[in-house]
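Just so you know, these numbers come straight off a predicted model, no measurement behind them.
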Amino acid sequence: MELFLELSIVFAAATGVAWLMQRLKLPLLLGYILTGMLAGPFVLNWISHPEDLAIFSKLGITALLFIVGLSLNPMAVRDVGKVSVAAGLGQIIFTSIIGFAIALGFGYSWVPALYIAIALTFSSTIIVLKILQDKRDLGKLYGRIAIGILLVQDLAATVILVLVSSTASGGSALALLEVFIKLTALGAGLWFVARFVLPRLTSVFARSQEFLLLFSVAWGMGVASLFSVLGFSIEIGALAAGVALATSPYHHEISAKMKLLRDFFLVMFFVVLGAELAFGNAGALWLPITVFSLFVLIGNPLIVVAILGFMGYPKKTSFFVGLTVAQISEFSFVLILLARSFN
């Protein structure tokens, strides 16, 4: 089937399924994945070659991580306090250990078990921010702590993704040193550009909203391409590009404009994800699927509640903060996709 015709059918189907999800008060994201499952080669075969649409999904996840980077103001980490750092790192450590043990218990070898365990640790900053904004709880104590924990998670996820992308193919100690040198040079260069160059550029391009959008896309794709050329993933480059603009006074405008592109391409990302899902052995995996889901929905919140309770916070505050981690982050999808690409 012609690519343009496939795109037309996909968006028409996604619109119908998304409308149904909205009527049922379910997340639209679920509708996109269901669209991919229905339109994919295993059901209706409207998308006979999901790999042809992979570039659109790549743009979607790149735009998503660019926007996440825009929310990661480096100065914000210093303001969240020791509770966010302690709870964020503690949750990552305990969730990874318990998730790793569960995966081993189901017979996975240690490498897949490690990927699964790490993927279970991260929660979506974008989803939580949206929920807190809708509830007008950003200024409340639990909201501030939750955002701080998520910022710590995002920074940890960045480091993990860099390590995975550089070592999954069997990198040696010398290769790791080379990665460290490259990453340090990139970080220093981005800091210099963000500190002395970007403020002038953004002030010039901000005079026109169209130019601001064009500059943002060019900057994000340019930095992502630079990271790719130097051996890192495009996703990490997009995240770094967003972080470099996070201190800009125009980062809210940039984020608002990029969200339109993100939403458009993310539809394709989740549709392609759904189209590539295979359920030939789903019946044999029902038990680990159930256990891992319950661990994310119940285990993760309990870990955070226990950590905050140990630090002396009220049960109500600890409970609401714990609820914010009861889902999976976009970083988890990226990590699993990277792991799959190395196999």
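Looking at Met258 and Val217, their side chains come closer than 4.5 Å, going by heavy atoms from C-beta outward. The side-chain heavy atoms of Trp219 and Leu198, taken from C-beta on, include a pair separated by under 4.5 Å. Side-chain contact between Phe319 and Tyr142 is absent, with no heavy atoms from C-beta onward closer than 4.5 Å. In this structure, Leu186 and Leu226 have side chains that are in contact, with non-hydrogen atoms separated by less than 4.5 Å. In this structure, Phe100 and Tyr115 have side chains that are not in contact, with every pair of non-hydrogen atoms separated by 4.5 Å or more. Looking at heavy atoms from C-beta onward, Leu213 lies in side-chain contact with Leu261 at the 4.5 angstrom threshold.
In the hydrophobic clustering of this structure, Phe66 groups with Leu230; members are Ile, Leu, Val, Met, Phe, Trp, Tyr whose side-chain heavy atoms approach within less than 4.5 Å, directly or through other members. Hydrophobic clustering places Leu59 together with Ile33 (ILVMFWY residues linked when any side-chain heavy atoms are closer than 4.5 Å, directly or through intermediates). Leu297 and Trp286 are not part of a single hydrophobic cluster, where members link through side-chain heavy atoms under 4.5 Å apart. One hydrophobic cluster holds both Met311 and Val304 under the rule that ILVMFWY side chains link at heavy-atom gaps under 4.5 Å. Grouping the Ile, Leu, Val, Met, Phe, Trp and Tyr side chains by contacts below 4.5 angstrom, directly or via other members, places Val305 apart from Phe295.
The line from CZ of Phe292 to OG1 of Thr290 is 11.0 Å long, rounded to the nearest 0.5 Å. Rounding to the nearest 0.5 angstrom, the gap separating the OG atom in Ser96 from the CG atom in Leu114 is 8.0 Å. Atoms OG1 and CE, from Thr35 and Met21 in turn, are 8.0 Å apart once rounded to the nearest 0.5 Å. Note that the CG atom of Leu245 and the CD1 atom of Ile254 stand 5.0 Å from one another [nearest 0.5 Å]. With rounding to the nearest 0.5 Å, the separation of CG in Leu24 from CD in Gln22 is 10.5 Å. Atom CG of Asn300 and atom CD1 of Ile98 lie 8.5 Å apart (nearest 0.5 Å).
Nearest heavy atom pair, residue Ala87 against residue Ile149, reads CB-CD1, 3.6 Å. The heavy-atom pair separating Gly99 from Ala117 by the smallest distance is C-CB, 3.7 Å. The two residues Ile307 and Gly90 come nearest to each other via the heavy atoms CD1-C, 3.5 Å. Closest non-hydrogen pair, Ala238 versus Ala224, comes out as N-CB, 3.8 Å. The two residues Leu212 and Glu253 come nearest to each other via the heavy atoms CD2-CB, 4.0 Å. Residue Ala326 comes nearest to Pro301 through the heavy atom pair CB-CG, 3.8 Å, listed as atom of the first residue, atom of the second, then distance.
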task: Walk me through it: do Phe106 and Leu287 pass the test side-chain contact (heavy atoms from CB on, under 4.5 Å)?
output: CA-CA 9 Å; Phe106 281 116; Leu287 184 57; 3.8 Å; yes
Test log, rule side-chain contact (heavy atoms from CB on, under 4.5 Å), inputs Ile145 and Tyr313: CA-CA 11 Å; Ile145 295 175; Tyr313 281 86; 3.7 Å; yes
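Between Phe11 and Phe264, the two ring planes are parallel [angle under 30°; tilted spans 30° to 60°].
Partners of Gln209 under the side-chain hydrogen bond (donor to acceptor under 3.5 Å, both in side chains) rule, at least two apart in sequence or in another chain, are Lys257.
The environment of CE in Met221 is sparse: at most 12 heavy-atom neighbours from other residues, nucleotides or ligands sit within 6.0 Å. Residue Phe211 places its CZ atom among 12 or fewer non-hydrogen atoms of other residues, nucleotides or ligands, all under 6.0 Å distant.
Ser293 places a side-chain N or O within donor-acceptor distance of the main-chain N or O of Ile289, the cut-off being under 3.5 Å. The backbone N or O of Ile92 sits nowhere less than 3.5 Å from a side-chain atom of Thr95 that would complete a donor-acceptor pair.
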